[in-house]
Amino acid sequence: MSEAKRPLPSAKEHDTQAFWAATRNKEFIYQQCKACHTVIFYPRRHCTGCTDGELEWKQSNGQGTVYSFSVVRQSYHPFFRNQVPYVVAWIDMDEGPRILSNIVGLAASDKEVSIGQRVTIEWEEHEALSIPLFVTID
Amino acid sequence: MSQERIAAIVGIHEYPLRDVGGLMSPLQIKAACAAKALEDAGLSWADVDGLYDAGDGGGAMSGLNIAEYFGLKPNVIDTTAVGGSSYEFHAAHAKRDIAAGKVRVALLTYGSTAHSNARAIGVGGQGGGNHHPADVMETFAGATLISNYAMVAQRHMFEYGTTSEQLAEISTATRYHAMRNPDAVQAMEDLEFLDIRETTIEDVVNSRMIADPLHLLECCMISDGGGAVVIASAEVAKNCRKAPVWILGSGEATKYPEIGGDLTTSAAIQSAPLAFSDAGVTPAEIDIAMIYDSFSITVLTLLEDLGFCKKGEGGAWVAGGKLRFDRPAEGPALNTDGGGLSSNHPGMRGIFLLIESARQLRDESNAQVENAKLAIAHGNGGMLGSRHTAGTIILGRD
């Protein structure tokens with residue numbers, strides 16, 4: 001029996017496929033409206049700030065700040081139950097997007113994360129895309 | 001102060017069992033509850049002309065499927081499905097439809113076999129899927145439902161200094177009420193709770209951590225169950241068996257992740273002022289607070305957003321056991337049936353908030369607040385820590 005794998009995003013969903021395609025090159029991209037400058041995340045085809053804006057893709061510097069987090073100690077998911085305890089977090093990227101991800105590479109996951117902690121992306125490579133996980137930085 | 005007497009809850013029923021042993025379907029539970037609630041009102045199937053359904057058991061075509069299953073030919077169908085708050089939305093819509101003269105007798109039902117199906121709602125790891133863009137962006141992180149709420153608690157603690165001991169007040173007050181409700185005690189036995197008794201703050205904070213900072217005794221049960229509510233026009237209500245419980249006000253709202261959004265504030269911040277203004281009352285006048293207790297933090301956040309205290313002050317406000325039913329001078333009684341934490345949570349608890357509110361305003365509760373006049377039923381559907389709906393209903397007696 002093969003070991004359970006992390007659930008991976010569809011690379012074919014219409015709104016998000018460009019985001020995941022960019023992760024192959026380890027780029028975290030997001031959208032901004034050329035007209036009203038609204039930052040859009042998760043990705044969409046339309047601007048939520050104005051009705052005729054055209055969105056352009058921009059690249060994040062890959063760094064952000066922990067907005068909130070939890071240490072998951074119980075999961076029945078076939079992959080994640082073998083990862084406990086692990087850290088899930090809402091991370092505010094420097095450019096605005098707030099993303100849900102994991103903070104990894106911690107010796108003791110319940111003691112080393114705090115709100116306000118600076119983090120940077122550590123890409124987890126898969127065949128068709130990469131997953132933006134995060135590690136702490138000073 | 002409007003306090004219009006347009007539509008009233010005239011019939012209620014809560015399915016007594018929380019473990020049906022796989023012997024009942026959600027549809028059967030819905031129908032059994034509907035019949036009992038109609039009987040409670042002194043009405044029959046033939047009187048129902050408005051059907052309200054959240055898709056539990058009936059699927060995407062529930063408006064048709066449930067009508068057929070019940071044997072109804074309703075004039076109005078409303079299949080608003082917004083998670084656990086659906087029934088507060090339904091109550092609001094039923095009043096609206098009754099006010100418009102389109103409906104005389106509205107029927108709301110709920111049935112679930114979440115426990116029998118062994119659905120790991122809280123720790124199942126959000127199977128998610130790959131259809132909605134939000135799922136595509138978030139499923140990889142493995143955030144369990146509990147961790148979704150835990151991140152609200154973590155941020156609340158960070159911003160306002162809220163403590164686990166303060167959050168535990170929600171759990172202890174709710175268990176205090178559950179121990180007075182025979183169905184809740186039976187539920188805890190059937191669901192194999194380890195320690196069925198009134199709990200202390202220490203019990204809660206010493207229970208196992210599930211997703212920091214939330215402990216086991218801050219998380220709701222996963223039960224089977226269901227219920228039904230009959231809402232009627234003032235004219236019909238006059239001739240019903242029980243005293244009417246009037247729908248005085250309602251509010252609806254949504255919330256979802258936004259750039260720079262505040263995780264400690266819920267959609268109730270939008271729905272509550274609408275409901276209070278509609279009803280012409282203030283939070284200070286409320287006797288009964290039936291507030292969706294999926295987790296301790298849900299209630300704390302909602303108490304603030306509903307206006308019982310200021311944002312950030314919920315922790316201090318709930319301290320000292322004031323939420324218990326036998327301390328009416330100190331504030332509203334919380335979840336007097338025992339709540340989702342200790343009585344009944346089959347997945348979408350919103351209907352029980354209406355049912356226990358009605359019991360209190362009819363003097364039928366097991367933890368009866370003397371002379372209770374006003375109740376608030378607030379449902380939270382979806383997930384507090386990301387995307388959710390808010391349905392606020394304010395109820396009053398004659």
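In the text below, chain A, chain B and the rest are named by the order of the sequence lines, each starting its count at 1.
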Count the heavy atoms belonging to other residues, nucleotides or ligands that lie under 6.0 Å from CD of A:E56, then report whether that count exceeds 12.
yes
So, taking the atom named [atom1] in [X] and the one named [atom2] in [Y], what distance separates them when rounded to the nearest 0.5 Å?
| X | Y | atom1 | atom2 | result |
| --- | --- | --- | --- | --- |
| B:M157 | A:S68 | CE | OG | 10.5 Å |
| B:M209 | A:Q74 | CE | CD | 13.0 Å |
| A:I99 | B:M137 | CD1 | CE | 5.0 Å |
| B:I259 | A:I40 | CD1 | CD1 | 7.0 Å |
| B:E159 | A:I115 | CD | CD1 | 8.0 Å |

Toward chain B: residues of residues 41-48 of chain A with heavy atoms under 4.5 Å
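Hits under 4.5 Å: A:F41, A:Y42, A:P43.
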Applying a heavy-atom distance below 4.5 Å, give me the residues of residues 125-138 of chain A that approach chain B, sorted by number.
A:I131, A:P132, A:L133
With a 4.5 angstrom heavy-atom cut-off, which part of B:P257 approaches chain A: side chain, backbone, both or neither?
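Looking at B:P257, just its side chain touches chain A.
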Could you pull out the closest heavy-atom pair between [X] and [Y], with the gap in Å?
| X | Y | answer |
| --- | --- | --- |
| B:L263 | A:W90 | CD2-CD1, 4.0 Å |
| A:V72 | B:T144 | CG1-CG2, 4.0 Å |
| B:A150 | A:S70 | CB-OG, 3.4 Å |
| B:A141 | A:Y86 | O-CE1, 3.9 Å |
| B:A143 | A:V88 | CA-CG1, 3.8 Å |

May I ask you to name which of B:P213, B:G261, B:G260 has the most heavy-atom pairs under 4.5 Å with chain A?
B:G261
Quick one: list whatever passes side-chain contact (heavy atoms from CB on, under 4.5 Å) with B:E169, sequence neighbours left out.
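B:E169: side-chain contact (heavy atoms from CB on, under 4.5 Å) contacts with B:T172, B:I201, B:V318, B:A319.
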If one checks every heavy atom of A:T16 against chain B at 4.5 Å, the contacting part turns out to be side chain
For A:A89, is it the side chain, the backbone, both or neither that has a heavy atom under 4.5 Å from a heavy atom of chain B?
backbone
With a 4.5 Å heavy-atom cut-off, do A:W20 and B:V136 have their side chains touching?
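A:W20 reaches B:V136 side chain to side chain.
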Just wondering, do A:R73 and B:D212 contact through their side chains at under 4.5 Å, heavy atoms?
yes
Show the numbers, then the answer: is there a side-chain contact (heavy atoms from CB on, under 4.5 Å) between A:F69 and B:S147?
CA-CA 8 Å; A:F69 72 97; B:S147 68; over 6 Å; no
Is the positively charged end of B:R155 above the ring of A:Y67, judged by distance under 6.0 angstrom from the centroid and angle within 45° of the axis?
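The answer is yes; both the distance and angle limits are met.
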What residues form a side-chain hydrogen bond (donor to acceptor under 3.5 Å, both in side chains) with B:D262, not counting sequence neighbours?
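If we apply the side-chain hydrogen bond (donor to acceptor under 3.5 Å, both in side chains) test to B:D262, skipping adjacent residues, the hits are B:T264, B:T265.
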